[in-house]
K.L.:
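Input: one structure, supplied below.
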Amino acid sequence: MTRENAMRGWMAGAVVAALVSGAVAAEEPDVAHQPSPCTVPGKPISLCASVTDDGQVAKARIYFRAAGEKFYSFVDMAFTGINFCGTLPAPREGKTQAVDYYVQGVDDQYETRRTSTYQLNVQPEGVCEFPPIEKDATRAAAITVYATSPKQGKKLPGAFESAGVTFVPVKTK
């Protein structure tokens, strides 16, 4: 084998190794969440999840909608030092039987992963034993909800209480 052929072989091996290591470095984030079976009307919902990555987690979000609705909205989650947590607006009494939601993580390489879709049944206080209620009044009074479709309009869906909620519609051209 000539020196030139050996060099070509080494370079080809280096390119393959770089591609393989690049593929390993671009793994999707890991998203783990323990769902709650129910919540209560009139109280903002606090949900947390563990979102980790081999690089950095760029975003963690909770996508949610009233059961049966077509479009999801989302709230950003904030890192609390242990996991990521987000606050959903309170379901309005008598306006929805359940809230569908999932948690999605995005890493610094734009790789995404999401949980399964879960359902929080809206039940009266006392029936739902451990509702995931937001206990921090500051977070409960400053919820920002983002639309995912222009068809959602300019206000929060009627199944949720709008007190303390800023709704950000999708901007159209």
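Treat the numbers as computed from the prediction; the structure is a model and nothing was measured.
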K.L.:
Parallel, tilted or perpendicular: which describes the rings of Tyr118 and His33, with under 30° parallel and over 60° perpendicular?
P.N.:
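Because their plane-to-plane angle lies in the 30° to 60° range, the rings of Tyr118 and His33 count as tilted.
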K.L.:
Ignoring hydrogens and angles, tell me if any N or O in the side chain of Thr115 forms a donor-acceptor pair with the backbone of Val103 under 3.5 Å.
P.N.:
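Such a contact is found between Thr115 side chain and Val103 backbone.
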K.L.:
Would Ser73 and Gln152 count as a side chain to side chain contact (heavy atoms under 4.5 Å, CB included) if you check the C-alpha gap in whole Å, the side-chain angles of each, and the deciding distance to 0.1 Å?
P.N.:
CA-CA 9 Å; Ser73 297; Gln152 288 175 274; 3.0 Å; yes
K.L.:
Side-chain contact, heavy-atom cut-off 4.5 Å: Asp136 with Ser46?
P.N.:
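Sidechains of Ser46 and Asp136: no contact.
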K.L.:
When you look at CD of Gln119, are more than 12 heavy atoms from neighbouring residues, nucleotides or ligands closer to it than 6.0 Å?
P.N.:
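Count over threshold, so yes.
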K.L.:
Taking the six-membered ring for Trp, are Tyr63 and Phe74 parallel (under 30°), tilted (30 to 60°) or perpendicular (over 60°)?
P.N.:
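The rings of Tyr63 and Phe74 sit tilted, inter-plane angle from 30° to 60°.
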K.L.:
Is the backbone N or O of Ala58 less than 3.5 Å from a side-chain atom of Gln56, with the two atoms forming a donor-acceptor pair by type?
P.N.:
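No; zero donor-acceptor contacts below 3.5 Å.
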K.L.:
I'd like to check Val99 versus Val122 (side-chain heavy atoms, cut-off strictly below 4.5 Å). Are they in contact?
P.N.:
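Yes. Closest side-chain heavy atoms under 4.5 Å.
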K.L.:
Run Val31 and Tyr102 through side chain to side chain contact (heavy atoms under 4.5 Å, CB included) and show every step you take.
P.N.:
CA-CA 10 Å; Val31 182; Tyr102 62 90; over 6 Å; no
K.L.:
Which value, rounded to the nearest 0.5 Å, describes the distance between Met77 atom CE and Thr87 atom OG1?
P.N.:
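Here the interatomic distance stands at 9.0 Å.
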K.L.:
Kindly give the heavy-atom pair with the smallest separation between Pro89 and Phe64, and that separation in Å.
P.N.:
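Taking Pro89 first and Phe64 second, the nearest heavy atoms are CD-CZ, 3.6 Å.
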K.L.:
Please round to the nearest 0.5 Å and tell me the distance separating atom CD of Glu27 and atom CZ of Arg113.
P.N.:
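Going from the CD atom of Glu27 to the CZ atom of Arg113 covers 8.0 Å.
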K.L.:
Please check if Val145 and Val168 belong to a single hydrophobic cluster, counting links between Ile, Leu, Val, Met, Phe, Trp and Tyr side chain heavy atoms closer than 4.5 Å.
P.N.:
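As far as the 4.5 Å side-chain criterion goes, Val168 and Val145 are not connected within one cluster.
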K.L.:
From Asp107 CG over to Thr52 OG1, what is the distance, rounded to the nearest 0.5 angstrom?
P.N.:
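It is 10.5 Å, given to the nearest 0.5 Å.
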K.L.:
Determine whether a donor-acceptor pair (N or O, by modelled atom type, separation under 3.5 Å) exists between the side chain of Asp53 and the backbone of Val57.
P.N.:
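The answer is no, because no donor-acceptor pair under 3.5 Å joins these two groups.
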K.L.:
Which atoms form the tightest heavy-atom contact between Phe71 and Arg65, and what is the distance?
P.N.:
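Minimum heavy-atom contact is O-CB, 3.4 Å.
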K.L.:
Is it true that Val75 and Val106 fall in one hydrophobic cluster, defined by side-chain heavy atoms closer than 4.5 Å?
P.N.:
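In one cluster: no.
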K.L.:
May I ask whether Val165 and Leu88 are part of the same hydrophobic cluster, defined by side-chain heavy atoms of I, L, V, M, F, W, Y residues being less than 4.5 angstrom apart, directly or through others?
P.N.:
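Yes; tracing contacts between hydrophobic side chains, which count when under 4.5 Å, links both residues.
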K.L.:
Roughly how far, to the nearest 0.5 Å, is the NZ atom of Lys43 from the CD atom of Glu161?
P.N.:
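Answer for the CD-NZ pair, Glu161 versus Lys43, is 10.0 Å.
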K.L.:
When rounded to the nearest 0.5 angstrom, what is the spacing between CD in Glu125 and OG1 in Thr39?
P.N.:
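So the CD of Glu125 and the OG1 of Thr39 are separated by 9.5 Å.
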K.L.:
For residues Leu120 and Pro132, determine if any side-chain heavy atom of one lies less than 4.5 Å from a side-chain heavy atom of the other.
P.N.:
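With C-beta onward as the side chain, the pair touches.
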K.L.:
I want to check something: taking the side chain as every heavy atom from C-beta on, are Glu111 and Pro29 in contact at a cut-off of under 4.5 Å?
P.N.:
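A side-chain contact under 4.5 Å exists here.
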K.L.:
Please report the shortest heavy-atom distance between Pro44 and Ala140, naming the atom on each side.
P.N.:
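Result for this residue pair: CG-CB, 3.8 Å.
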K.L.:
Roughly how far, to the nearest 0.5 Å, is the OG atom of Ser36 from the CD1 atom of Ile133?
P.N.:
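Spacing of CD1 (Ile133) from OG (Ser36) equals 9.5 Å.
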K.L.:
Using atom types as modelled and distance alone, determine if a side-chain donor or acceptor of Glu69 lies under 3.5 Å from a backbone N or O of Ala66.
P.N.:
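No, because the side chain of Glu69 does not come within donor-acceptor range (under 3.5 Å) of the backbone of Ala66.
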K.L.:
Taking the side chain from Thr148 and the backbone from Tyr72, do they hold a donor-acceptor pair closer than 3.5 Å?
P.N.:
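Yes: the side chain of Thr148 pairs with the backbone of Tyr72.
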K.L.:
Spell out, as yes or no, whether a donor-acceptor pair under 3.5 Å connects the side chain of Thr80 to the backbone of Asn83.
P.N.:
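Yes, because the side chain of Thr80 sits within donor-acceptor range (under 3.5 Å) of the backbone of Asn83.
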K.L.:
Evaluate the side-chain proximity of Pro169 to Phe167: yes if any heavy-atom separation is below 4.5 Å, no if none is.
P.N.:
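When only atoms from C-beta onward are counted, Pro169 and Phe167 do touch, with a gap below 4.5 Å.
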